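First the structure, in the form of structure tokens, and then the observations on it.
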2 protein chains.
Amino acid sequence: MQTNEALDIEATANVLKLLGDKTRLTMVKIMSEHECCVCEFVDLFDMSQPAISQHLRKLKDSGIVNEARRGQWIFYSLNQTSAYYSFIQTVIKDLPSQAFKVEELTAQGKRICCD
Amino acid sequence: MQTNEALDIEATANVLKLLGDKTRLTMVKIMSEHECCVCEFVDLFDMSQPAISQHLRKLKDSGIVNEARRGQWIFYSLNQTSAYYSFIQTVIKDLPSQAFKVEELTAQGKRICCD
DNA sequence: TAACTATATAAGCATATGATTATTTATTCG
DNA sequence: CGAATAAATAATCATATGCTTATATAGTTA
């Protein structure tokens with residue numbers, strides 16, 4: 001088994017606290033499979049747009065995710081350069097794939113694509 | 001890489017929330033190395049005995065830890081039969097060992113041993 | 001049994017958290 | 001430019017969290 005760099009307990013606790021919310025944990029799992037823009041998250045969760053925005057801000061402030069504006073939309077994705085990137089991958093590895101949710105969006109024509 | 005049973009997102013978020021507290025995360029790391037009784041935790045943390053007790057109760061209520069009375073003392077240890085045992089091991093794997101703290105207790109003659 | 005030690009529980013309190021609605025800011029497009 | 005869309009921010013609020021002190025409970029021991 002691979003052994004990684006030692007992680008600081010307090011910083012790790014803060015990351016775990018962020019992941020310790022059902023909405024954010026699901027968001028992170030989704031982003032591990034697809035990048036996603038805010039309005040897609042709004043469609044995926046039964047929650048107001050500001051609530052989504054606030055969850056994403058916490059993830060962004062911690063450095064876990066990146067944001068990238070593309071035109072009208074802001075896309076969020078896991079920050080692969082974060083010191084916690086591989087830790088997070090390990091934590092979410094066995095969570096059920098959320099790809100079906102994004103596929104449902106596509107089926108409904110709600111998927112945003114900027115290519 | 002080993003792939004384990006899929007974990008439920010909401011239940012996993014609840015476990016992560018429990019681990020997302022510096023005190024509890026440290027406790028869990030300590031218990032992964034040594035079982036520990038309440039008064040030892042009280043010596044190890046700068047916190048009142050009831051605060052320690054309340055953290056341990058949350059861990060116990062979630063099934064993450066076991067308690068075992070031995071005489072006057074109640075020892076807490078990781079519950080190896082918990083559905084989240086291997087998940088937790090993975091999460092805490094790269095945290096710095098807390099064994100030195102328990103060794104300090106031993107050096108101060110504060111280590112409880114019921115053998 | 002009484003005193004002592006270990007732990008749990010109760011009550012109270014300050015702060016954190018996660019949501020809402022209202023509003024602002026940024027971008028696109030007619 | 002002005003309307004429409006996307007997202008962020010501000011203000012507010014109810015509930016959760018983590019601690020404290022005080023007290024109760026359980027076990028040990030003289």
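Not measured: the values here are computed from a predicted model. Numbered from 1 within each chain, the chains take letters A, B, ... in sequence-line order.
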Here the distance between atom P of C:dG18 and atom CZ of A:Phe45, to the nearest Å, is 14 Å
Heavy atoms under 4.0 Å is the rule here; annotate nucleotides 23-30 of chain C 5' to 3' with B where the base is hit, S where only the sugar-phosphate is, and - elsewhere. ---SSS--
So the contacted stretch of DNA chain D, first to last nucleotide with an atom under 4.0 Å from a non-hydrogen atom of chain B, runs from D:dT17 to D:dT28
Considering heavy-atom distances to DNA chain D, does A:Cys39 or B:Gly20 have its closest nucleotide positioned more toward the 5' end? A:Cys39
What is the separation between atom CG on A:Asp46 and atom P on C:dT20, rounded to the nearest whole Å? 8 Å
Walk me through whether A:Ser97 and A:Glu33 qualify under side-chain hydrogen bond (donor to acceptor under 3.5 Å, both in side chains). CA-CA 8 Å; A:Ser97 169; A:Glu33 300 178 307; 2.8 Å; yes
What's the verdict on side chain to side chain contact (heavy atoms under 4.5 Å, CB included) for A:Lys29 and A:Lys101, showing C-alpha distance, side-chain angles and the deciding distance? CA-CA 11 Å; A:Lys29 182 72 184 183; A:Lys101 290 196 177 166; over 6 Å; no
Write down the distance between CZ (A:Arg24) and C1' (C:dA16), rounded to a whole number of angstrom. 12 Å
With side chain to side chain contact (heavy atoms under 4.5 Å, CB included) as the test, would you mind laying out the steps for A:Tyr76 and A:Glu40 before giving the verdict? CA-CA 10 Å; A:Tyr76 284 85; A:Glu40 291 172 321; over 6 Å; no
Taking every non-hydrogen atom, the tightest pair across B:Pro96 and A:Leu7: CD-O, 2.8 Å
What is the distance, to the nearest angstrom, from the CD atom on B:Glu10 to the P atom on C:dG18? 14 Å
Would you classify B:Lys58 as touching base, sugar-phosphate or nothing, given that sugar-phosphate means primed atoms plus P, OP1 and OP2, and contacts are heavy atoms under 4.0 Å? sugar-phosphate
Whole-Å gap separating C1' (C:dG18) and CE (A:Met47): 8 Å
Can you confirm whether more than 12 heavy atoms, excluding those of B:Asp61, are under 6.0 Å from its CG atom? yes
Here the distance between atom P of C:dA8 and atom NE2 of B:His55, to the nearest Å, is 13 Å
Verdict with reasoning, B:Phe45 to B:Thr23, per side chain to side chain contact (heavy atoms under 4.5 Å, CB included): CA-CA 8 Å; B:Phe45 293 95; B:Thr23 303; 4.0 Å; yes
Between atom CD in A:Gln54 and atom P in C:dG18, what is the gap in whole Å? 10 Å
Minimum-distance nucleotide (side-chain atoms of B:Val38 versus C:dT20, C:dA10, C:dT7): C:dT7
If you check every side-chain atom of A:Lys17, which of C:dT17, C:dA19, C:dT7 has the closest atom? C:dT17
Whole Å only: how far is the NZ atom of A:Lys22 from the C1' atom of C:dT17? 17 Å
For the residue pair B:Asp8 and B:Tyr84, what are the closest heavy atoms and their distance? O-OH, 3.7 Å
Which value, rounded to the nearest 0.5 Å, describes the distance between A:Arg57 atom CZ and A:Ile52 atom CD1? 14.0 Å
May I ask you to decide if A:Gln72's main-chain N or O and A:Arg70's side chain share a donor-acceptor pair within less than 3.5 Å? no
Heavy atoms under 4.0 Å, any strand shown: does B:Tyr76 hit a base, just sugar-phosphate, or nothing? sugar-phosphate
Quick check on DNA chain C: between B:Ser53 and A:Ala51, whose nearest nucleotide comes earlier from the 5' end? B:Ser53
